[in-house]
Amino acid sequence: MTLVLSELSQDIQNAVQATREEVAALHAELPANNLVVWTAGNVSSRVPGADLFVIKPSGVRYDELSADAMVVCTLDGNKIVDGTPDRLSPSSDTAAHAYVYRHMPEVGGVVHTHSTYATAFAAVHRPIPCVLTMMGDEFGGEVPVGPFAIIGDDSIGRGIVETLRESRSPAVLMANHGPFTIGKNATGAVKAAVMVEEVARTVAAAEQIGTLVPVAQEHIDSLYDRYQNVYGQH
Ligand SMILES: O=C(CO)[C@@H](O)[C@H](O)COP(=O)(O)O
């Protein structure tokens with residue numbers, strides 16, 4: 001039986017509304033950071049306190065992505081009766097996002113883009129090598145490549161999870177497709193999407209200048225530990 005949002009507790013309805021507003025605002029970060037063209041890409045966030053997540057509607061222009069247009073789904077990826085028109089379908093990547101939420105309970109947000117430089121590494125099946133201190137900070141090593149998977153079932157989600165489980169990276173370059181990123185919340189996943197494109201662009205530029213020099217593993221580990229546990233305001 002399909003869940004009906006208006007029949008859920010007021011706390012959950014309030015959490016859904018806050019998550020819709022957050023996800024709508026975060027979608028604006030993708031074009032603002034030049035990570036997407038047209039309607040490519042998507043952001044989702046788990047709804048705190050509920051087995052639900054919020055994701056953008058498929059194929060809708062970024063300037064039309066209001067909070068009320070955000071689609072609410074179960075962790076199986078099924079749209080609930082959420083107040084949006086029945087015809088409004090969730091993102092074509094909903095199954096992938098849902099698979100990540102079901103298999104990685106620590107993940108609170110998922111982002112997918114086709115950002116140019118990260119997608120170029122995905123096109124040639126090359127991990128982004130850890131040659132920058134910023135990569136040690138955010139990715140804890142190289143950004144891995146995931147398997148080629150066709151959209152439409154759990155294969156993309158399975159490839160994301162199986163690859164990220166073997167890495168500290170919050171980003172995976174799905175072969176011939178593009179980056180998917182995760183975070184403890186949706187803001188963290190958007191940050192990883194911004195940073196994976198930045199480091200991909202820098203590494204591609206560096207390869208035009210000379211030979212890449214990897215950061216030593218001991219330094220990667222200390223950079224990662226500092227950035228994840230000390231950097232910023234606490
Ligand atoms: O990669 C694809 C399509 O191949 C998708 O990720 C699109 O880039 C965005 O799809 P919607 O979220 O608008 O359905």
Side-chain angles (χ1 to χ4, degrees), residues 1-102 104-115 151-154 156-157 160 170 178-194 197:
M1 183 176 74
T2 304
L3 280 178
V4 180
L5 179 59
S6 59
E7 295 175 0
L8 301 179
S9 73
Q10 192 58 54
D11 283 351
I12 291 181
Q13 293 186 54
N14 294 343
V16 164
Q17 182 56 31
T19 306
R20 276 172 147 165
E21 290 166 5
E22 176 197 23
V23 172
L26 285 171
H27 271 94
E29 293 293 336
L30 302 191
N33 285 279
N34 300 309
L35 301 181
V36 294
V37 293
W38 202 244
T39 63
N42 36 69
V43 179
S44 72
S45 175
R46 208 188 279 272
V47 176
D51 289 336
L52 301 169
F53 69 96
V54 169
I55 195 165
K56 77 170 239 206
S58 183
V60 176
R61 300 282 298 272
Y62 278 87
D63 56 7
E64 299 170 11
L65 289 177
S66 64
D68 292 343
M70 295 296 118
V71 178
V72 186
C73 296
T74 65
L75 298 188
D76 290 324
N78 299 317
K79 178 180 176 180
I80 74 170
V81 178
D82 64 2
T84 65
D86 289 346
R87 59 173 172 72
L88 194 69
S89 302
S91 167
S92 47
D93 290 305
T94 296
H97 290 238
Y99 190 96
V100 171
Y101 289 128
R102 290 197 306 274
M104 302 183 87
E106 73 278 12
V107 171
V110 180
V111 171
H112 169 48
T113 79
H114 298 171
S115 61
I151 196 168
D153 57 20
D154 278 346
I156 293 178
I160 294 166
F180 281 79
T181 62
I182 60 174
K184 65 180 180 183
N185 52 40
T187 298
V190 169
K191 175 187 176 186
V194 171
E197 176 62 10

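Fair warning: this is a prediction, and the values are worked out from it, not measured in the lab.
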With heavy-atom distances below 4.5 Å as the criterion, would you say the side chains of [X] and [Y] are in contact?
| X | Y | answer |
| --- | --- | --- |
| Leu35 | Val194 | yes |
| Glu29 | Val43 | no |
| Ile55 | Val23 | no |

*Salt bridge or not for Asp51 and Arg102, using N-O below 4.0 Å?*
no
*When you check the gap from the basic side-chain N to the acidic O, do Arg20 and Asp82 get nearer than 4.0 Å?*
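Yes, charged N to carboxylate O under 4.0 Å.
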Heavy atoms only: give me the nearest [X]-[Y] pair and the separation to one decimal.
| X | Y | value |
| --- | --- | --- |
| Ala15 | Pro48 | CB-O, 3.8 Å |
| Ser58 | Pro90 | CB-O, 3.4 Å |
| Arg46 | Phe53 | CA-CB, 3.9 Å |

If you measure from [atom1] on [X] to [atom2] on [Y], what distance do you get to the nearest 0.5 Å?
| X | Y | atom1 | atom2 | result |
| --- | --- | --- | --- | --- |
| Asn14 | Leu8 | CG | CG | 11.5 Å |
| Asn33 | Thr113 | CG | OG1 | 10.5 Å |
| His112 | Leu30 | NE2 | CG | 10.5 Å |
| Tyr99 | Met104 | OH | CE | 10.5 Å |
| Ile12 | Leu52 | CD1 | CG | 6.5 Å |

Can you give each donor-acceptor pair under 3.5 Å made by side-chain atoms of residues 63-74, sequence neighbours left out, with the distance rounded to 0.1 Å?
| unit_1 | atom_1 | unit_2 | atom_2 | d |
| --- | --- | --- | --- | --- |
| Ser66 | OG | Ala69 | N | 3.4 |
| Thr74 | OG1 | Asp76 | N | 3.3 |
| Thr74 | OG1 | Asn78 | N | 3.3 |

*Donor-acceptor contact present, side-chain Tyr101 to main-chain Gly77, <3.5 Å*: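 Absent.
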Under 3.5 Å donor-acceptor pairs involving side-chain atoms of residues 179-190, not counting sequence neighbours:
| unit_1 | atom_1 | unit_2 | atom_2 | d |
| --- | --- | --- | --- | --- |
| Thr181 | OG1 | Ala189 | O | 2.7 |
| Asn185 | OD1 | Thr187 | N | 3.2 |
| Asn185 | OD1 | Gly188 | N | 2.7 |

*Residue pair Ile156, Ile151: steps toward the side-chain contact (heavy atoms from CB on, under 4.5 Å) verdict*: CA-CA 7 Å; Ile156 293 178; Ile151 196 168; 4.0 Å; yes
_Partner of Asn42 under side chain to side chain donor-acceptor pair (under 3.5 Å), chosen from His27, Lys56, His97_ = His97
_Donor-acceptor side-chain pairing of Gln13 and Gln17 below 3.5 angstrom_ =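 Result is no, nothing qualifies.
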